[in-house]
Amino acid sequence: MVPPLVFLPPEFFDREADVVARALLGVTLRHERDDGVVSGRIVETEAYLGPHDPASHSAAGRTARTWHMFGPPGTAYVYFIYGMHWCLNAVTREDGYGAAVLIRGIEPMEGLPRMRARRPKARRDRVLCDGPGKLTAALGVDRRCDGWSLTGGSALSLVQGDAVPDAEVLVTPRIGISKAVDWPLRFVWSAHSRAV
DNA sequence: ACGCGGATGGCCT
DNA sequence: GGCCATCCGCGTA
């Protein structure tokens, strides 16, 4: 028997983004499609705290692009970046606030052959999902998922996992941003991530 | 191992 | 016109 899937409820996400970012380590991100299930355990995240956080997309206000970042807790916010890549966030705090957690890395679990097919340039499984644009490609996540619920009401969901001890969590500044560059809002599950 | 620059397109000034 | 919450390939070591 396979244990039932326990989806993270909306209340899980109705907290500050840094708290949720830390708590998402070890959680399974799961995409269920016609051709099968693809999933992985979250090993790296970043928190974007809200309109007062200069590095946050919500700092520029609610536009068509950032619309779903202001949605209810547990919403998927998916955006297009550098003309090529999709990035997946989980919205945190209350409806209308504008905070989110960027999923930066997962450890592949189910559907390895499908991930490899969607990431033909990855020569080794170690680099299949070790970046925000890589994991969305491997999972088949794109603009269609923008605004979906991650709490069990859609094909894309977050499933409860075993707790990750503090001793295995690394906290660092965020990557690839130009504002608030030293805020310690990046969380890495060191035992399962190649990233420093 | 590490650093650099090109790819590529939507959105804001 | 410039800026991106990135990735990849190629150069040097």
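The chains referred to below are lettered A, B, ... by the order of the sequence lines, with proteins before strands, and numbering in each begins at 1.
- Computed from coordinates, the A/W183 CH2 to C/dA5 P distance equals 15 Å when rounded to whole Å.
- Between A/V38 and A/E110 the shortest side-chain heavy-atom distance does not fall below 4.5 Å.
- Note on A/V20: it does not cluster hydrophobically with A/F70, by side-chain heavy-atom contacts below 4.5 Å among ILVMFWY residues.
- With respect to the salt-bridge test (charged N to carboxylate O, under 4.0 angstrom), the residues A/K179 and A/D53 do not qualify.
- For the residue pair A/T28/A/R41, the side-chain donor-acceptor check at 3.5 Å is not satisfied.
- With distances taken from any side-chain atom of A/K121 to the nucleotides B/dG10, C/dG9, C/dA5, the minimum falls on C/dG9.
- Ion pairing of A/R104 with A/D130 is absent here, as no side-chain N (NZ or NE/NH1/NH2) approaches a carboxylate O to less than 4.0 Å.
- Atom P of nucleotide C/dT6 and atom CZ of A/R174 are separated by 12 Å, given to the nearest angstrom.
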Open item on the list: Dot-bracket, 5' to 3', for DNA chain B please: Watson-Crick or G-U pairs under 3.5 Å, [ ] where pairs cross earlier ones, | where the partner sits on another strand, dots elsewhere.
Closed with: |||||||.||||.
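- What separates NZ of A/K179 from P of C/dA5 is a distance of 8 Å, to the nearest Å.
- Hydrophobic cluster membership is shared by A/L8 and A/V164, with clusters built from Ile, Leu, Val, Met, Phe, Trp and Tyr side chains linked at under 4.5 angstrom.
- Residue side chain A/Y79 reaches the base of C/dA5 through a donor-acceptor N/O pair under 3.5 Å, judged by distance alone.
- In this structure, A/M84 places its CE atom 7 Å from P of B/dT8, rounding to the nearest Å.
- No side-chain donor from either of A/H68 and A/Y79 sits under 3.5 Å from a side-chain acceptor of the other.
- Rounding to the nearest 0.5 Å gives a distance of 5.5 Å between OH of A/Y48 and CG of A/L102.
- Contacts between residues 45-64 of chain A and DNA chain C, defined by a heavy-atom separation below 4.0 Å, involve A/Y48, A/A55, A/H57, listed by number.
- Residue order along DNA chain B, read from the 5' end via each residue's closest nucleotide, puts A/H85 first among A/H85 and A/R143.
- When distances are taken from the side chain of A/F80 to each of B/dG10, C/dA5, C/dC4, the shortest belongs to B/dG10.
- Stacking of A/R65 on the aromatic ring of A/Y77 is not recorded, the 6.0 Å distance cut-off and the 45° axial limit not both being met.
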Open item on the list: Using side chain to side chain donor-acceptor pair (under 3.5 Å), reason through A/T172 and A/R186 one step at a time and then give a plain yes or no.
Closed with: CA-CA 5 Å; A/T172 80; A/R186 175 168 170 257; 2.9 Å; yes
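- Between A/S178 and C/dC4 there is a side-chain N or O to OP1 or OP2 distance below 4.0 Å.
- Interatomic distance, A/L29 CG to A/L24 CG, rounded to the nearest 0.5 Å: 9.5 Å.
- For residues 126-142 of chain A, proximity to DNA chain C is found at A/G131, A/P132, A/G133, A/K134, defined as any non-hydrogen atom under 4.0 angstrom from a strand atom.
- Rounding to whole angstrom units, CD1 of residue A/I177 and C1' of C/dC3 are separated by 15 Å.
- For A/D35, the CG atom is densely surrounded, since the number of other residues' heavy atoms within 6.0 Å is greater than 12.
- For A/Y82 and B/dG6, the OH to C1' distance is 13 Å, given to the nearest whole Å.
- Rounded to whole Å, the distance from CZ on A/R104 to P on C/dA5 is 11 Å.
- Comparing A/I81 and A/A122 along DNA chain C, the residue whose closest nucleotide (by nearest heavy atom) sits nearer the 5' end is A/I81.
- When distances are taken from the side chain of A/R119 to each of C/dC4, B/dA7, C/dC7, the shortest belongs to C/dC7.
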